[in-house]
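Heads up: the structure comes next, in structure tokens.
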Amino acid sequence: MAETVPSHPPAPEEGHPHHEEMSFWSKYIFPLDHKMIGMQYLFTGIAMAMVGGFFAYTFRMQLAFPGIEVPGWGLVSPADYNALVTNHGAIMIFWVAMPVLIAAFGNFLIPLMIGCDDMVFPRINRLSYQIFFLSVLVLIASFLVEGGAFGGAWTAYPPLSAKAEYSLTPLGSSLWLLAVALEFVAFLLGGINFITTAMNSRAPGMKMYDIPIVVWMIVLASIMFMLSVGPLVAGAVMLFFDQQLGTGFFDPARGGDPVLWQHLFWFFGHPEVYVVLLPAMGIVAEIITVFARKKLFAYKTVLYTAFGTGILSFTVWAHHQFVAGIDPRMAHIFTITTLLISVPIAEMCFVYIATLYGGSIRLTTPMLWALAFIAEFLIGGVTGIFLGASGADIYFHDSYFVLAHFHYTFFPIAIIGFYAGITYWFPKMFGRMLDDRLGKIHFWGTIIPFNGIFLPLFILGLAGQHRRIYNYEHFPELATPELQALRVLATVSLLVMLGFQLVFLVNFVRSLRRGEKAPQNPWKANTLEWQAPSPPPHGNFATLPTVYRGPYEYSVPGRAEDYWPQNAPE
Amino acid sequence: MSSRPIATTRSATEIPTGKLAVWWLLGSEIVIFGGLLASYIMYRLAHDAWHAQAAATNTWIGAFNTLVLLTSSLTAVLAHQAAEEGNGPKAAKLLWATIGGAATFLIVKAFEWTMEIRHGYTITADTFWSFYYTAAGLHAAHVLAGAVVMVFVARSAARNQELHRVELAGIYWHFVDIVWIFLFPLLYIAK
Amino acid sequence: MIERLVASASSYAPDIDGLILLIAVLVGFWFLLTEAVFFWLILRFRARDGQRAEYITGEEKSQKRWITIPHLLVLVCDIFIVVGAVRVWYEVKQHLPEAQQTVRVIGQQWAWSFVHPGPDGRLDTADDIKTVDELHLQKDVTYHFELTSRDVLHSLSIPVFRLRQDAIPGRVIRGWFRPTKTGVHDFQCAEICGIGHGIMAARVIIETPDEHAAWMAEHAPTTSLAAAAVR
Amino acid sequence: MSEHHHPNYVKIWAILVGLLVVSVLGPMLGIQIVTLITAFGIAVVKAYLVAKNFMHLNIEKRYIVYMLTTCLVFMFLFFAGTAPDVMEAEGSNWEKPSFELYDEAASHTVGHGTAHH
């Protein structure tokens, strides 16, 4: 688009030569630079992760020690408990995983990795963040209004979510829905930007198969988000009208059907899992190739499996609804498609593992995170088979087994993927190195308790315990002391894990101020972002690069160096 | 460094960036309207009673509005042609005609809705009417947005600036037209 | 496997447990194998001084075999799992065996109400026994249930039967179970239904024929009305 | 793009208006199959004409068409997966008494609006 205005924030007089210092306001608050917008998303995401983590701490304390005064919150009432679990889920997916993995890394990496100076629509990019920020404010407001925050689970199934007389949160549910809808708009705008940038603005010479996997993955994720979210946007409007105008879209007494919402929701909700999974997979691909000094095993296969996963993921949504009242005959179809999707995902994991073969593996902090992603995600993947198989899901539906399963997928995605990415790109983002020793302490202090939280929950699920029940003492048979002990173990593990996150924060803040200065290419990586200064200035590259080869040419025989930057002519 | 990012000037796909973005925008709009209309069709086929409700819609007003939108699509595409020929002022005039079509559409719609609401067919009268107002309302919001965008495009086109934007606004406008082409039989004709 | 954690008291519970075991064996094998290979590779190919990594594109057929063969084997395992899942699903959810008795289960915020057919064995007659939060069943009788909800979504969950089914307002869903052991077990709501979701507990009481007859005699409305009239 | 031959836009507009007239008049015959064809068949034709000639999809890169088609295909997929539950009043082991009750009640309220005339 031909902009007549200068693309970076207005120096007061137009046409004035740029490069004078931008004001704090235009540099950090209303930036147009893709890197700064990425940082805004990153820090907002981290802040929201703290909120989501605090919620998890609060309800896990209630579960382990029912009825105690949770330090920092107080007594957890049933309404509190519902609101906490609802918003923990919504925040971790919509306000942590998506902004951090797609928006923050996408904004920071796409222009750098494809070798151009910015996004194609810098102002739409800024608008996207502003709408996202507004959605955060609306979400926070939903906690402060009369009646309290929405507590109908992140799936917001009507009629509970549609009528105040059922949910008892007349304003909270509408504000929650509004916040989610605004978040969707923000990511639609951001997604269009990512897609067009990656399609059109690649450096000269960068062909389809020269694009780094992480860029492919973020773009595919944006496309999937865009194609899946539409029906839910329509559904959100319908639900909002049900809440505020009193229409009957989902009211059986007025010709509606509550099951329609479930389809609208999961038609989005299942692809959404892959929307956040793919970027994390991309981050891992970048890291394992660099630290194994290996070419990615079968680059094209990775792409095809990602495409296959993307398309298949649109055909599996009703496996979330096996026992939710859908026609039993439909369950057969969705079982088959669900088990089919295990094939491309398994293949992608195999490819990553095969990449390690013959490598020269350096266990730096980012590499540890990337490897942990694969190891832990496999647990999430294989336990998903139990739930995708309709016959077994009859027992597991809505149990702690489900909860443990998707935390074994979402935790690797949102948390391990984030830490892998941030420890890997920190030198490029901020121009300083993170402390490796603290990084490793933080790694082990996170991974070990993480398994301590969720492995016991598999057992609770096998024993028939359900999610979203604030106190199990009403079920004398199911709430045995042994099971309660597992619950306590999970909660203690969570406390330990949260404690170790302080190590990361200390490391982060200290390294920002006093870390060792980062060289341009500390990891000896091939991709273009490492060929720009650390941190890249506005405009990224002194001269925009030309690309000569694919991103994973490591250890090419006959070369003195074991890496070969994409933009090196020889 | 020039005043705008070099990113905006590249075109690896050989489709201008703005146009590419509009196509993706339309892709996301297709699924939004698609989800809403799929829901409507399911309910419609499930409920025989909706025939009777739909009988109360005014086919003639709907048909008139279809004519208005079709005609405004024609002026939009003629504006695009004029812009391609480099005739900015002519493109601007044709765009203003399109905006006039949008305004006519919205005024007729307002008149129609007022009448219906006065007769008791409010958004909560029946779930058919809930769909009627939601689908047509969502569409009307797009008409309004398109008209606002075209005001800006027409003003710069009149000065022979940013002529490529005439086509982008046009593509969006034709999409709005197509949505109405489907809404018209769904809401008005099938009785 | 599951029986050690929670009793198994319906005719199809062993089938569901068996399916879960089948999946556990199949995916457990792949999981352990993959993790073993994964950790072995990490240990085997640690960076050593003076040794460079190999250059393997993975695009050649002989190399791709390492991916495609396991992937085909995974597909074969998937087929076994699909067959098992479909069979169990058909048995539990789709094909209802002839019922000896039918009970009605109604969820509402935040209680379960049950309608038992009473001594005449038929619903919607004067001797129906209505209870709240207590479902009385007779051992070794095949029951159909008619599940619905008065307000929001609820979900019938009886872990000892290995059974879940959501209750949806405006919709009646039929299913079946056949209790095989006597005892008193928990019956939960498994779909969030508002602030009382956590206390929406009921009990399922499985009785011998004699006990069940005695309970029925005591609670059938006609008898109690008659008794009240006499008094 | 400017070198390609423009279709006669006014002629296409005239065809569209002609189709509109047919789609309004067709249902007046009161035959259901004619209504379906004239209403929805013609809507598809009209949409095709607008997309092809006005939006110039005929000379656009192929993958734009593929992308838009994918969106439509996904919507059909959504419909196919959802309709067996939402559109039907009964199915395998379930039924929706609410639909019957609603249809009965809704057809009684028909006169409600017209009564004000």
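Any value given below was found using the heavy atoms of this structure, including those in side chains, with hydrogens, waters and symmetry copies removed.
- Top candidate by heavy-atom pairs under 4.5 Å with chain C, chosen from A/Leu378, A/Ile336, A/Thr155, is A/Leu378.
- The residue among A/Ser555, A/Pro252, A/Gly464 with the most heavy atom pairs within less than 4.5 Å of chain C is A/Ser555.
- Looking only at distances, a side-chain donor or acceptor of A/Glu477 sits under 3.5 Å from a matching main-chain atom of C/Asp186.
- The line from CG of A/Leu339 to CZ of C/Phe80 is 13.5 Å long, rounded to the nearest 0.5 Å.
- With a 4.5 Å cut-off on side-chain heavy atoms, A/Leu478 and C/Pro159 count as touching.
- Here the side chains of A/His332 and C/Gln94 are in contact, with some heavy-atom distance below 4.5 Å.
- Atom-to-atom distance recorded for C/Ile20:CD1 and A/Ile385:CD1 is 14.0 Å, nearest 0.5 angstrom.
- Note that CZ of A/Arg293 and OH of C/Tyr55 are 13.5 Å apart. Values are rounded to the nearest 0.5 Å.
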Practice task
Decide yes or no on side-chain contact (heavy atoms from CB on, under 4.5 Å) for C/Arg171 and A/Asp257, but give the supporting numbers first.
Solution key: CA-CA 9 Å; C/Arg171 196 182 277 233; A/Asp257 189 342; 2.7 Å; yes

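- Remark: C/Lys181 NZ is packed, more than 12 non-hydrogen atoms of other residues, nucleotides or ligands lying under 6.0 Å away.
- Remark: side-chain polar atoms of A/Asp398 are not paired, donor with acceptor, to backbone N or O of C/Glu191 under 3.5 angstrom.
- Atom CZ of C/Phe39 is separated from atom CG of A/Leu371 by 8.0 Å, given to the nearest 0.5 angstrom.
- Atom OG1 of A/Thr338 and atom CD1 of C/Ile81 lie 12.0 Å apart (nearest 0.5 Å).
- No other option in C/Val86, C/Leu147, C/Val88 has as many heavy-atom pairs under 4.5 Å with chain A as C/Val86.
- Among C/Arg52, C/Glu91, C/Lys93, the residue with the largest count of heavy-atom pairs under 4.5 Å with chain A is C/Arg52.
- Judged by distance alone, with hydrogens and angles left aside, the side-chain atoms of C/Glu59 form a donor-acceptor pair with the main-chain N or O of A/Tyr299 at under 3.5 Å.
- Options A/Gly151, A/Ala331, A/Ala253, A/Ser167 differ in how many heavy-atom pairs under 4.5 Å they form with chain C, and the most are formed by A/Ala331.
- A/Ile394 is not listed as a side-chain neighbour of C/Arg162, based on a closest heavy-atom distance of 4.5 Å or more.
- The candidate with the highest count of non-hydrogen atom pairs below 4.5 Å against chain A, out of C/Thr57, C/Val184, C/Ile79, is C/Thr57.
- In this structure, A/Phe322 has its ring center closer than 6.0 angstrom to the ring center of C/Trp89.
- Among all heavy-atom pairs drawn from A/Ile361 and C/Leu41, the shortest one is CD1-O, 3.8 Å.
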Practice task
Apply side-chain contact (heavy atoms from CB on, under 4.5 Å) to A/Val343 and C/Asp78, showing your working.
Solution key: CA-CA 9 Å; A/Val343 174; C/Asp78 276 355; 3.6 Å; yes

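- Enclosure of atom NZ in A/Lys524 is not indicated, since only 12 or fewer non-hydrogen atoms of other residues, nucleotides or ligands lie within 6.0 angstrom.
- In terms of heavy atoms, A/Phe350 sits closest to C/His71 at CE1-N, 4.2 Å.
- Across all their heavy atoms, A/His474 and C/Ala201 have their closest contact at O-CB, 3.6 Å.
- Looking only at side-chain heavy atoms (C-beta outward), C/Phe45 and A/Leu356 stay at 4.5 Å or farther from each other.
- Counting non-hydrogen atoms of neighbouring residues, nucleotides and ligands closer than 6.0 angstrom, the OH atom of A/Tyr357 reaches no more than 12 such neighbours.
- Summarising the geometry, atom CZ belonging to A/Phe386 is positioned 9.0 Å from atom CG belonging to C/Leu19; distances are rounded to the nearest 0.5 Å.
- At a 4.5 Å heavy-atom cutoff, C/Tyr12 makes no contact with chain A through either its backbone or its side chain.
- With chain C as partner, the option from A/Leu296, A/Ile379, A/Thr301, A/Thr335 having the largest number of non-hydrogen pairs under 4.5 angstrom is A/Ile379.
- Ranked by heavy-atom pairs under 4.5 Å with chain C, the first of A/Pro258, A/Ala79, A/Gly359, A/Ala346 is A/Gly359.
- Around CZ of C/Arg48, the count of heavy atoms belonging to other residues, nucleotides or ligands within 6.0 Å exceeds 12.
- When all heavy atoms of A/Ala324 and C/Asp166 are compared, the closest pair comes out as CA-OD2, 3.3 Å.
- In this structure, a donor-acceptor pair under 3.5 Å is present between the side chains of A/Tyr472 and C/Gln188.
- Across C/Ile67, C/Leu72, C/Val82, the residue that shares the most heavy-atom pairs under 4.5 angstrom with chain A is C/Ile67.
- Of the possible donor and acceptor atoms, one in the side chain of C/Arg164 sits under 3.5 Å from a partner among the backbone N and O of A/Tyr395.
- The closest side-chain heavy-atom distance from A/His466 to C/Ser157 is below 4.5 Å.
- By the 4.5 Å heavy-atom criterion applied to side chains, A/Leu363 and C/Ile42 are counted as neighbours.
- For C/Arg44, no part sits under 4.5 Å from any heavy atom of chain A, backbone or side chain.
- Residues C/Ile195 and A/Tyr81 form no side-chain contact, since every pair of their non-hydrogen atoms from C-beta on lies 4.5 Å or further apart.
- Listed here is the closest heavy atom pair of C/Gly198 and A/Phe475: O-CE1, 3.7 Å.
- In terms of non-hydrogen atom pairs under 4.5 Å with chain A, the most contact-rich of C/Ile192, C/Val6, C/Leu156 is C/Ile192.
- Counting only distance, with no hydrogens or angles, the side chain of C/Gln51 and the backbone of A/Ser360 share no donor-acceptor pair below 3.5 Å.
- Within a 6.0 Å sphere centred on CH2 of C/Trp66, other residues, nucleotides and ligands contribute 12 heavy atoms or fewer.
- Heavy-atom minimum distance, A/Arg468 versus C/His197: O-CD2, 3.0 Å.
- Sparse packing is recorded around CZ of C/Arg87, with 12 or fewer heavy atoms of other residues, nucleotides or ligands lying under 6.0 Å away.
- When C/Leu153, C/Ile16, C/Leu75 are compared by the number of non-hydrogen pairs under 4.5 Å with chain A, C/Leu153 comes out ahead.
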Handout entry: Residue pair A/Glu347, C/Val74: steps toward the side-chain contact (heavy atoms from CB on, under 4.5 Å) verdict
Key = CA-CA 9 Å; A/Glu347 189 162 354; C/Val74 166; over 6 Å; no

Practice task
Show your working on side-chain contact (heavy atoms from CB on, under 4.5 Å) between C/Ile56 and A/Lys295 and close with a plain yes or no.
Solution key: CA-CA 6 Å; C/Ile56 303 169; A/Lys295 190 177 168 71; over 6 Å; no

